[in-house]
Amino acid sequence: MLPQDRQQGELLAIARAYGTPTYVYDGRVVKRQVQALKAALRDVPSFLLYALKANSSPAVVKLLRDLSLGADVVSPGELALARRLDFSPERIVFSANNMTDEEMLHAVREGVLLNIGELTRLEKFGRQCPGAGVSLRINPEFGAGHHEYVVTAGQRSKFGIPVADLEKARAVAAEHGLRVVGLHQHIGSGNLQVQPYVDAIRVLFEKAEDFPEATVLNMGGGIGVSYRPQEPSFDLDQLARVLRENLNGFAERFPGRKVQIWLEPGRFLTAECGVLLVEANTLKKSFGQTFVGTNSGMSQLIRPAIYGAYHGVVNVSNPNGAADRYNIVGNICESSDFFAHDREVSEIREGDILAICDAGAYGMAMASEYNLRPLPSEVFIDLDGRPHLERVRETPDELVDRMLTGRRKLDSN
Ligand code: LLP
């Protein structure tokens, strides 16, 4: 979704005040997305957990906590952030991949529910925590996503216990007196069609029949947003209908058994709230194309490079210039370093400020210091429309200082 005229003015003012590159997150958009999801699910007994991996900027996470979401965390770092931001343990689910014994026991001590997606880990959990409650991450044997790298179920996927192995999981749980209180799945990310969920949710309900203590049916995240103009959006009402139908059918077959649907959206809540503000600093004609070089790049927004992902681009400092076609590229030494190819944008001049749109999810969260480029600043616009500087870009010298300080610590030990 591209920013409207008034928002373009706000973004330009932020770029002028705090410089670039800067990520800007609009809390009002996050709230709008939460409300849309809650409205669609109003008749579905459900609980929303925010997948922190999409955007772990504390101001964004705190807002989602205040909007009563739980936290889906996948590492000790995300768990620490959720706890430090006062999510209570019963609102947190820990789904680390390849978790170690230490990580597992730490999560248990923190009192959060664990999603376990491997029989071997379930066995270790059973031995070390007999009698505990646990949730199983299942692999329904098919997945779906906006790119093959974000499909997280199916035969080629490392995630989840294949449904064919759930009997074995039941036996392991029984051997150690584990209570399987939940079933979880996450089929993939960036889905704009409901159909893959229709099938996956059916599997979740079918398998719940074999786990009588399971009260949580977690369908994971993956709801997409439309990055491209005119791309149809995900039909939340259809998803809600599918959930209701399954819940009703289940209640008829198992009267008295209470189950609740959990969802773990990341992208849906945060993608559209964010833009990356960059400065066009180098215009170049080459073989009949115009390259616009910027002061940011794939190290700060890697989605185009990895997935060929589309992000809208708006020239917020010259919104009414004559449109032209540009290759908008970054300052990193790789040819995959681009924001947009052959894209129509209003005339770009050196010094213009560009907003790379829909960058609130998996933008800063996946950024690195590749080429020793310091990470961008972050600005959060609160629910009253006031911008707050949340994170300040380091200078290259500060970044290098941090590297050398780490080295000195090692030397002094
Ligand atoms: N739950 C689990 C277990 C997950 O692995 C994920 C995302 C989510 C929830 C949230 O999914 P979402 O609602 O955000 O689609 N870097 C990729 C996306 C990777 C998603 C990984 N797992 C991208 O930029 O498109």
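Just so we're clear, the structure is a prediction, and the values are computed from it rather than from any experiment. Counting starts at 1 for both ligands and their atoms, in listed order.
- Under the 4.0 Å criterion applied to side-chain N and carboxylate O atoms, Glu245 and Arg241 are not assigned as salt-bridge partners.
- In this structure, Ala54 has no heavy atom closer than 4.0 Å to ligand 1.
- A salt bridge does not link Arg32 to Asp26: none of the charged side-chain nitrogens sits closer than 4.0 Å to a carboxylate oxygen.
- With 3.5 Å as the limit, one finds a donor-acceptor pair spanning the side chains of Asn327 and Gln289.
- Between Phe254 and Phe250, the ring planes lie tilted relative to each other; the angle falls in the 30° to 60° range.
- Between Asp72 and Lys53, at least one side-chain N (NZ, or NE/NH1/NH2) sits under 4.0 Å from a carboxylate O, which counts as a salt bridge.
- Residue Glu264 has at least one nitrogen or oxygen atom sitting less than 3.5 Å from a nitrogen or oxygen atom of ligand 1, judged on distance alone.
- Of the polar atoms of Gly266, at least one N or O is found under 3.5 Å from an N or O of ligand 1, judged by distance alone.
- With ligand atoms numbered from 1 in the order given, ligand 1 contributes 12 (P), 13 (O), 14 (O), 18 (C), 23 (C), 25 (O) to contacts under 4.0 Å with heavy atoms of Arg267.
- Every atom of ligand 1 is numbered from 1 in the order shown, and the set under 4.0 Å from a heavy atom of Ala51 is 8 (C), 9 (C), 10 (C).
- Of all atoms in ligand 1, listed by their number and element, those nearer than 4.0 Å to a heavy atom of Pro265 are 13 (O).
- At the shortest separation from atom 5 (O) of ligand 1 among protein heavy atoms lies His186 CD2, 3.4 Å.
- Close contacts between ligand 1 and Ser189 involve ligand atoms 12 (P), 15 (O), 18 (C), 20 (C) [criterion: under 4.0 Å to a heavy atom].
- In this structure, Arg137 counts as a contact residue of ligand 1, since one of its heavy atoms falls inside 4.0 Å of the ligand.
- Residue contacts with ligand 1 include Gly222, since one of its heavy atoms falls under 4.0 Å from the ligand.
- With respect to atom 17 (C) of ligand 1, the closest heavy atom belonging to the protein is Tyr307 OH, 3.1 Å.
- Residues Pro21 and Leu276 are in side-chain contact: their nearest non-hydrogen atoms beyond the backbone lie under 4.5 Å apart.
- With Tyr227 as the aromatic partner, Arg303 meets the cation-pi criteria of under 6.0 angstrom to the ring centre and within 45 degrees of the ring axis.
- Residue Phe125 is tested with Asp101, Val134, Val172 for a side chain to side chain contact (heavy atoms under 4.5 Å, CB included); the sole match is Val134.
- In this comparison of Gln185, His146, Lys53, Arg303, the heavy atom closest to atom 22 (N) of ligand 1 sits on Lys53.
- Looking at Glu10 and Arg28, a side-chain N of the basic residue comes within less than 4.0 Å of a carboxylate O on the acidic one, giving a salt bridge.
- In this structure, the protein non-hydrogen atom closest to atom 14 (O) of ligand 1 is Tyr362 OH, 2.6 Å.
- Checking side-chain atoms of Arg267 against main-chain N and O of Ala361 turns up no donor-acceptor pair under 3.5 Å.
- Judged by the shortest distance from any of its heavy atoms, Asp72 lies inside the 4.0 Å radius around the atoms of ligand 1.
- Using a 4.0 Å cut-off to heavy atoms of Met366, the atoms of ligand 1 that qualify are 16 (N).
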